[in-house]
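Every number for a ligand or one of its atoms is a count from 1 in the order of the listing. Computed from heavy atoms alone, side chains included, the values below leave out hydrogens, waters and symmetry copies.
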Amino acid sequence: MKFISISEAMKRGKGKVAVRGWVYRERGSNEFKFIILRDSTNIVQCVLKKDKFKKQWKDIDALQIEASLEIEGIIKKDKRAPTGHEISVDKIHIIGTSNEFPIQKDLNEELLGDRRHLWIRSKKMITIMKIRSSYIQARDEFFKKEKFYRFDAPILQPTQSEGGSTVFEVDYYGKKIYLAQTWQLYAEAAVFGLEKVYNFGPTFRAEKSKTSRHLSEFWMAEAEVAWWKLKEITEFAKKEIKYCIEKVAKECVEELKYLGQDSGKILKIAKKKWPTIKYRDALKILKDKDKINIKFGKDLRTIEEQKLMQHFDTPVVVTHYPREIMAFYKPKDPKKSDEALCFDMLAPGCGLEIVGGSERSLDIKEMSENLKKQGEKPEDYKFYFDLRKYGSVPHSGYGVGIERVLQWICGLESIKDAIAFPRTVTRMNP
Ligand code: 4AD
Ligand code: MG
């Protein structure tokens, strides 16, 4: 018989079916074995009668959680079963046994981390990974509709881009090279040929502090566009995030519900207008509403981003951060030289920075000075400066931290659960 998925079998609702998967729960008695079988689509109750399986009974009786099976049987509706269906099994083929699966209830976070390769079979992790997949597919769809080209950049890069203190160094045939902190510098080279580019790739930051919102390896979803300035790029970033969360809210109703999230609420957020404010306005809100005084020139800390975003029910774009504390390529605003033409997008409630972006400086001298202040050698950025020498045009871009967006829409306490195998300052295994 041809195998079908468990959800397909339940859609049929009656007759003979063949399904396969893993034991999710099991219990036995003298006469029966009840198995809840799981595949990637759903779970279904299966019942095996001892009478029918005289020869195989010893093995069937010994089945434990996470054993893998192929079964054939008659499916019917049954209100008492967890997903409203039961398969009365005629044939069973035990593919892989599983003795004492090392994840029982009540394991602490550290042990679950050690056993991550097995823990990603849990309902919670499968649910999050499905939402992640839905989000990433929606984003590809968005960029295809918007007529962007997908462009890939090297992961091994000769310079830093987002600050030397968080760079990972790799031995490259006896020389130093770094793992990408961003795809951006190469995307800037690409827009002179392709004009509108996007990617999705791993990025690396040696984040030495332990927080619930930082990973050492995370997946950034970036975009870079020739000719566009700050206003156009911020509006476009909103459009992208709106498109993706709307799609996820429609596709993953059950998954979001399982995580305690309301897809209806996400749809409403996607329909609203998302404000753009300046960093100086944000300081004013914090001062007036929260009695928090921050001097212009300081970056917002987590607690301040959280306080600020308690006052909003949609993401907010914050522009014009202090030039002093920004990456070397963020240009100063010609109208206000202590501000940069840059933006972050912060998520409502949790205050997570989900997007960072900017116009790109076209001024080689300005960038060289910024680099020197950071202890970098401008000569190392010759390729990047060349882009400003030969047919330079204004251009802008941004990067979305996919795990941050997932942390927000899935309501996850820690960013670690937004990725299958997290890398943090304290975790590099499995
Ligand atoms: O704000 P960031 O550092 O911006 C850039 O790297 C730009 N070069 C992107 C661009 O303009 N093309 O990073 C972008 C986003 C942040 O807003 C945040 O969502 C996420 O990446 N991010 C992290 N996510 C998880 N762990 C970390 N350590 C992160 N660092 C940044
Ligand atoms: Mg940032």
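Each of the atoms 9 (C), 10 (C), 11 (O), 12 (N), 14 (C), 15 (C) of ligand 1 lies under 4.0 Å from some heavy atom of G399. Of all atoms in ligand 1, numbered sequentially from 1 with element shown, those under 4.0 Å from a heavy atom of G356 are 1 (O), 9 (C), 10 (C), 11 (O), 17 (O). For ligand 1 and V355, the ligand atoms under 4.0 Å from any heavy atom of the residue are 17 (O). If you number the atoms of ligand 1 from 1 as listed, the ones under 4.0 Å from a heavy atom of I415 come out as 25 (C). Each of the atoms 11 (O) of ligand 1 lies under 4.0 Å from some heavy atom of G397. For ligand 1, the atoms closer than 4.0 angstrom to any heavy atom of Y329 are 7 (C), 8 (N).
E366 and S361 are linked by a side-chain donor-acceptor pair at a separation below 3.5 angstrom, with hydrogens and angles left out of the test. The closest side-chain donor-acceptor pair between Q407 and E403, if any, does not fall under 3.5 angstrom. Using modelled atom types and a 3.5 Å distance limit, the side chains of T166 and Q181 yield a donor-acceptor pair. For H320 and D333, the side-chain atoms include at least one donor-acceptor pair closer than 3.5 Å. Judged purely by distance below 3.5 Å, without hydrogens or angles, the side chains of E222 and T182 pair a donor atom with an acceptor atom. Side chain to side chain, R323 and N370 meet the donor-acceptor criterion of an N or O pair below 3.5 Å.
The cationic atom of R139 (NZ for Lys, CZ for Arg) does not lie both less than 6.0 Å from the six-membered ring centre of Y243 and within 45° of the ring axis. Under a cutoff of 6.0 Å and an axis angle of 45°, K123 and Y258 form a cation-pi pair. Cation-pi check for R116 over F421 is not met; the charged atom does not lie both under 6.0 angstrom from the ring centroid and within 45 degrees of its normal.
Only the side chain of M220 comes within 4.0 Å of ligand 1, counting heavy atoms alone; its backbone N, CA, C and O stay farther away. At a heavy-atom distance under 4.0 Å, atoms from both the backbone and the side chain of E353 approach ligand 1. At a heavy-atom distance under 4.0 Å, only side-chain atoms of F218, from C-beta outward, approach ligand 1.
Any N or O atom pair closer than 3.5 Å counts here, and D344 shares no such pair with ligand 1. The distance criterion of under 3.5 Å between nitrogen or oxygen atoms is met by I354 with respect to ligand 1. For ligand 1, the polar-atom distance check finds no N/O of W183 at less than 3.5 Å from any of the ligand's N/O atoms. In terms of polar-atom proximity, defined here as any N/O pair under 3.5 Å, S358 makes no such contact with ligand 1. Between L215 and ligand 1, an N or O atom pair is found at a separation short of 3.5 Å.
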Do Y329 and Y384 pass the side-chain contact (heavy atoms from CB on, under 4.5 Å) test, and can you show the C-alpha distance, the side-chain angles, and the key distance before you say yes or no? CA-CA 10 Å; Y329 56 77; Y384 190 68; 3.4 Å; yes

Determine, stepwise, if the pair S358 / R360 fulfils side chain to side chain donor-acceptor pair (under 3.5 Å). CA-CA 6 Å; S358 74; R360 313 310 189 188; 2.8 Å; yes

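Nearest residue to atom 2 (P) of ligand 1 from Q181, R205, E217 is R205 (criterion: closest heavy atom). Around atom 11 (O) of ligand 1, the closest heavy atom drawn from E224, R360, H214 belongs to R360.
Shortest contact from atom 12 (N) of ligand 1 to any protein heavy atom: E222 OE1, 2.6 Å.
Its N, O or S atom nearest to the Mg ion (ligand 2) is what matters here, and for E353 that atom is OE2.
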